[in-house]
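So you know, we letter chains A, B, ... as the sequences are listed, proteins then strands, and number each from 1. What you are looking at is a predicted structure, and each value in this text was computed from that prediction instead of being measured.
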Amino acid sequence: MKKDSLNILPNGFYRRPNVLDVARDLLGKVLCTHIENQVCKGTIVEVEAYSGHNDQACHASNGKRTKRTEIMYRAGGCAYVYLCYGIHHLFNVVTNEEGIADAVLIRALEPLQGQQTMQDRLNSSNRMLTNGPGILAKSMGITTALNSSELSAANCIWIENGEPISEEQQVATTRIGVDYAGEDAYLPWRFYIKGNSWVSKK
DNA sequence: CGGCTGATTCGCT
DNA sequence: GCGAATCAGCCGC
């Protein structure tokens, strides 16, 4: 299949210094996978930002390094996929410069292409294919095998430009499932598109 | 080494 | 609304 390289987000998009800017700008962009010869695309409608600096919710908070978090210290533009609750694969985009462990969790998509493939991967008749971080990874075929993939290389996974989202359409609120992070659980670092029915519920 | 906890989701009570 | 599924990381013995 032909990929329009002009439409693929460059590394410079991810390597900006403020992870919150990158998170907000990812709303409206299009996440694409090309896995098992199937292409799936979906508009990003919900994200969360995590920062290695002063954020207890981040796996790499306070400079913590493990085999799992090492990927977050790389230069922006690569995928961080990890296993949650031993079952679900969660997809993040690494941001900022090398040595700074910032990342953006993709929490929900609005399907654009390959819905039948997504349905088949879920192996269920659930109509909401991508309204949560675990289920969207399953629908899109994302597993830890894609960990450390370079998004700008547009090999198996990449992100394309989409319709711009105005500031009025964005909502900033608290992140989900990070109660363990103390004060940082209240940071308004979750962003979603107002009124979009694919945003995960709470 | 055992036990606990999670950036979650699904199915049953 | 609660618990299971089930793995990486961490802490205590």
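Closest to the side chain of A:H88, from the set C:dA5, B:dT9, C:dA8, is B:dT9. Checking B:dT9, C:dG9, C:dA5 against every side-chain atom of A:P133, the shortest atom distance belongs to B:dT9. Comparing C:dG9, C:dA5, B:dT8 by their nearest atom to the side chain of A:T66 picks out C:dG9. Relative to the side chain of A:I135, the nucleotides B:dT9, C:dG9, B:dT8 differ in distance, and B:dT9 lies closest.
Rounded to an integer number of Å, the gap from CG of A:L90 to P of B:dT9 is 7 Å. In this structure, A:I142 places its CD1 atom 15 Å from P of B:dT8, rounding to the nearest Å. The CG-C1' distance, from A:D179 to B:dC4, rounds to 17 Å in whole Å. Distance, A:Y85 OH to B:dG11 P: 18 Å, rounded to whole Å. Spacing between atom CG of A:N62 and atom C1' of C:dG9 amounts to 16 Å, rounded to whole angstrom units. Atom NZ of A:K138 and atom C1' of C:dA5 are 12 Å apart (whole Å). Atom pair A:M72:CE and C:dG9:P shows a separation of 13 Å (rounding to whole Å applied). Atom OH of A:Y82 is separated from atom P of C:dT6 by 18 Å (rounded to the nearest Å).
The hydrophobic cluster of A:Y73 has no other members, since no ILVMFWY side-chain heavy atom comes under 4.5 Å of it.
Listed by first and then second residue, the salt bridge (Lys or Arg N to Asp or Glu O under 4.0 Å) pairs that reach into residues 128-151 of chain A are A:R74-A:E150, sequence neighbours excluded. Legend: side-chain hydrogen bond (donor to acceptor under 3.5 Å, both in side chains) pairs involving residues 78-90 of chain A, not counting sequence neighbours, sorted by first then second residue: A:H59-A:Y80. Applying the salt bridge (Lys or Arg N to Asp or Glu O under 4.0 Å) test to every pair with at least one member in residues 43-54 of chain A, sequence neighbours left out, gives these pairs: A:E46-A:R107, A:E46-A:R190, A:E48-A:R107. Legend: salt bridge (Lys or Arg N to Asp or Glu O under 4.0 Å) pairs involving residues 56-65 of chain A, not counting sequence neighbours, sorted by first then second residue: A:R65-A:E70. Note on residues 103-124 of chain A: no pairs pass ring pair (Phe, Tyr, Trp, His ring centres under 6.0 Å), not counting sequence neighbours.
For the residue pair A:S152 and A:N11, a side-chain donor N or O sits within less than 3.5 Å of a side-chain acceptor on the partner.
A:E98 has no carboxylate O lying under 4.0 Å from a charged side-chain N of A:R15, or vice versa, which leaves the two without a salt bridge.
Qualifying side-chain hydrogen bond (donor to acceptor under 3.5 Å, both in side chains) partners for A:D184, counting only residues two or more places apart in sequence or in other chains: none. Under the rule for a side-chain hydrogen bond (donor to acceptor under 3.5 Å, both in side chains), the partners of A:E168 that lie at least two apart in sequence or sit in another chain are A:S166. For the side chain to side chain contact (heavy atoms under 4.5 Å, CB included) test, residues two or more places apart in sequence or in another chain that qualify with A:I100 are A:N96, A:D102.
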Legend entry - Steps toward side-chain contact (heavy atoms from CB on, under 4.5 Å) verdict (A:V93, A:L105): CA-CA 7 Å; A:V93 178; A:L105 169 71; over 6 Å; no
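Near DNA chain B, meaning a heavy atom under 4.0 Å from it, residues 98-111 of chain A has A:L105, A:R107 in order of number. At a non-hydrogen distance threshold of 4.0 Å, A:Y50 from residues 43-53 of chain A come into contact with DNA chain B.
Backbone-only engagement by A:L83 is indicated by non-hydrogen atom pairs under 4.0 Å involving sugar-phosphate atoms exclusively.
For the C1' atoms, the distance from B:dC10 to C:dA8 is 22 Å, rounded to whole Å.
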Legend entry - Base-pairing string, 5' to 3', of DNA chain C - Watson-Crick or wobble, under 3.5 Å, | interstrand: |||||.||||||.
